[in-house]
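Worksheet: one structure, shown below.
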Amino acid sequence: MSLPTRIVAGALALGLALPGVARAEPVELQVLYNLPGFTKFHQPLADQFMAANPDIKINFLAPAAGYNEGQQQVLRAAVTGNLPDVYFSGYNLTAELVGTLAPRSQITDLAPFIEAEGGQAFLDENYTPKMAALGQIDGKQYGLPVNASSPIIYVNADLVRQAGGDPENMPDTFDGLVELAAKIDALDPRYAGMGYDIGGWPDDWLWQALIFQQGGQLVDAQTGTVAFDGETGLNAMKLVRRFVTEGGQEMLDWDQSRQQFGAGLTGFIFSTPAHVQTIEGLVGERFELTTATFPLENKETGGVPTGGNSAVILTQDPAHQQAAWKYLKWITGAQAQNQIVRITGYLPTNKRATGPDYLAPYYAENPNVETASRQADRSLPWAGYPGGDSVRIWRTQRDIIGTVMRGEVTPEDGLKEIVAQTNALMK
């Protein structure tokens, strides 16, 4: 080795800079996620990623309060040209995000990166078709699924048994569940048979579930108008009223309902699997807590809306895109998903994560968490409405649904109103 070569090699080994010797600067990714509570998994996963990739630095922006707030923050940043490199987009808002950013070349189609990994074989190895579809808009893969949440049933096994039911084999239709709830409600004046807290839920997740479980859709792709204007919508409206009149549901917001369930006063409630640990803490030793999958009226085409988010790449700088792609692969990979599920209770988005080296032993010890994973094959995209006004649409719909639940409006009139208002807001 010549003297100049030895000097350069020695200096680099000591971490010293030499004139005329270029050193690769780490790529710093600006990353935005929603919900401050998600820091509990984002930060440790980023630390692990950076330890394995010292040439990439993850810099988290202050997390947005929720998906709607994050969406508005990103859309404002698009106007000023100050977009984050990576964003965790809520599934129900991704179509609006893509519709706004794609025409301006401000969001990245992942197809070239996926092709470089082996194309469809890469997707098939890691994600079920329904999971991969959560990040697809108009047939293009813009995101990779990170968190996935579909509604499950939390069951007071003691009350179900007292009412003559079997908590290990809960009814798989709403008719059966409402019948069971009525029996629980009749046990004691203090009891509520069930809680389907759609009237106080902050978004339309539980409303979409009532539509999707029948095999229905939100919007007719041909006309751009409401698709549940008919039997599907009427069935949903009749159900929300029956929850109250037959199932003994009380009109509470979702947090009050959860507290009442934890006190042992409700037979069963519907909620996100992310609440498993919280509800287990509320229940304590008061009663045996079990969970069950969401019922499907249409066993062939019915499904459940999948809440959560996919990671999208907004940067258009090639070096930052390559670094961002590595980060996306990591956080949606089996190892990271294994950790996310254990922390949050969500479904794993990577199908390899359910294997014996990852979640299988955990699920064996925590069957209430495992329930959500059994709905992966039922997962449907959490839909949004054309026009980018999904938040306002839900607030309007929720008020109408509340009037039906309280008996102020008939299900038939409620459906007419919700269809008319939704169509008007989509324009």
Side-chain angles (χ1 to χ4, degrees), residues 37-38 40-41 45 91 125-132 134 145-161 165-173 177 205-206 209 212-213 258 261-262 267-296 299 302-309 331-380 382:
F38 282 179
K40 61 188 176 184
F41 67 81
L45 289 177
Y91 296 131
E125 180 183 359
N126 291 282
Y127 320 101
T128 66
K130 288 188 176 180
M131 277 295 171
L134 297 176
V146 178
N147 298 122
S149 170
S150 57
I152 62 172
I153 311 175
Y154 290 83
V155 180
N156 182 326
D158 296 352
L159 288 184
V160 168
R161 290 192 186 98
D166 180 359
E168 300 301 325
N169 292 281
M170 290 289 285
D172 62 356
T173 66
L177 286 167
W205 191 52
L206 290 178
F212 289 176
Q213 64 94 20
R258 188 173 58 179
F261 177 79
F268 53 89
I269 61 172
F270 295 76
S271 193
T272 167
H275 290 165
V276 168
Q277 294 177 3
T278 300
I279 291 177
E280 286 179 341
L282 290 172
V283 170
E285 301 297 324
R286 289 189 183 90
F287 58 85
E288 181 186 352
L289 172 68
T290 60
T291 56
T293 56
F294 197 86
L296 296 183
K299 303 295 193 275
V304 286
T306 309
N309 59 79
I331 202 164
T332 65
Q335 184 177 342
Q337 285 296 308
N338 173 48
Q339 297 177 62
I340 290 173
V341 170
R342 290 169 185 260
I343 293 171
T344 66
Y346 281 147
L347 290 75
T349 60
N350 191 301
K351 64 184 184 182
R352 293 189 294 115
T354 60
D357 294 334
Y358 298 108
L359 287 169
Y362 177 72
Y363 282 155
E365 296 176 5
N366 297 273
N368 286 339
V369 180
E370 190 266 341
T371 297
S373 70
R374 301 205 306 269
Q375 298 189 156
D377 62 343
R378 305 178 181 184
S379 295
L380 299 175
W382 186 9

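As the structure is a prediction and not an experimental result, all values here were calculated from the model.
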Using side-chain contact (heavy atoms from CB on, under 4.5 Å) as the criterion, list what pairs up with [X], not counting sequence neighbours.
X    : answer
R161 : A157, D158, P167, E288
S149 : W205, T272, P273, Y346
S379 : M131, T306, L347

Quick one: list whatever passes ring-ring contact (aromatic ring centres under 6.0 Å, His included) with [X], sequence neighbours left out.
X    : value
F261 : F287
Y154 : none
Y127 : none

By salt bridge (Lys or Arg N to Asp or Glu O under 4.0 Å), which residues pair with [X], not counting sequence neighbours?
X    : value
R258 : D255
E125 : none
D172 : K299
K40  : none

**Message:** Under the side chain to side chain donor-acceptor pair (under 3.5 Å) test against Q337, which residue among T332, N147, N350, T349 passes?
**Reply:** T349
**Request:** Check the angle between the aromatic planes of F38 and F41 and answer parallel, tilted or perpendicular using the 30° and 60° thresholds.
**Result:** tilted
Quick one: [atom1] on [X] to [atom2] on [Y], what's the gap to the nearest 0.5 Å?
X    : Y    : atom1 : atom2 : answer
T344 : Q277 : OG1   : CD    : 8.0 Å
E168 : D166 : CD    : CG    : 6.5 Å
R374 : I152 : CZ    : CD1   : 9.5 Å

So which heavy atom on [X] is nearest to which on [Y], and how close?
X    : Y    : result
S373 : P348 : CB-CD, 4.2 Å
L177 : P295 : CD1-CG, 3.6 Å
L296 : T173 : O-CG2, 4.4 Å
N338 : A353 : N-CB, 4.3 Å

Any side-chain heavy atom of [X] sitting closer than 4.5 Å to one from [Y]?
X    : Y    : result
I340 : V146 : yes
P305 : L380 : no
L289 : V155 : no
P367 : T291 : no

**Donor-acceptor pair between S150 and Q375 side chains, under 3.5 angstrom** = yes
**Item:** Residue pairs fulfilling salt bridge (charged side-chain N to carboxylate O under 4.0 Å, His left out) with at least one residue in residues 342-351, sequence neighbours excluded
**Value:** none
Would you mind writing out the side-chain donor-acceptor pairs for residues 357-366 within the sub-3.5 Å range, not counting sequence neighbours?
from : atom 1 : to   : atom 2 : distance (Å)
N366 : ND2    : Y362 : O      : 3.0

**Request:** Test T290 against V160 for side-chain contact (heavy atoms from CB on, under 4.5 Å), laying out the working first.
**Result:** CA-CA 11 Å; T290 60; V160 168; over 6 Å; no
**Message:** Would the distance check show the side chain of Q213 and the main-chain N or O of G302 forming a donor-acceptor pair, the cut-off being under 3.5 Å?
**Reply:** no
**Message:** Taking F294's backbone N and O only, do any of them form a donor-acceptor pair with R378's side chain (distance below 3.5 Å, no angle check)?
**Reply:** yes
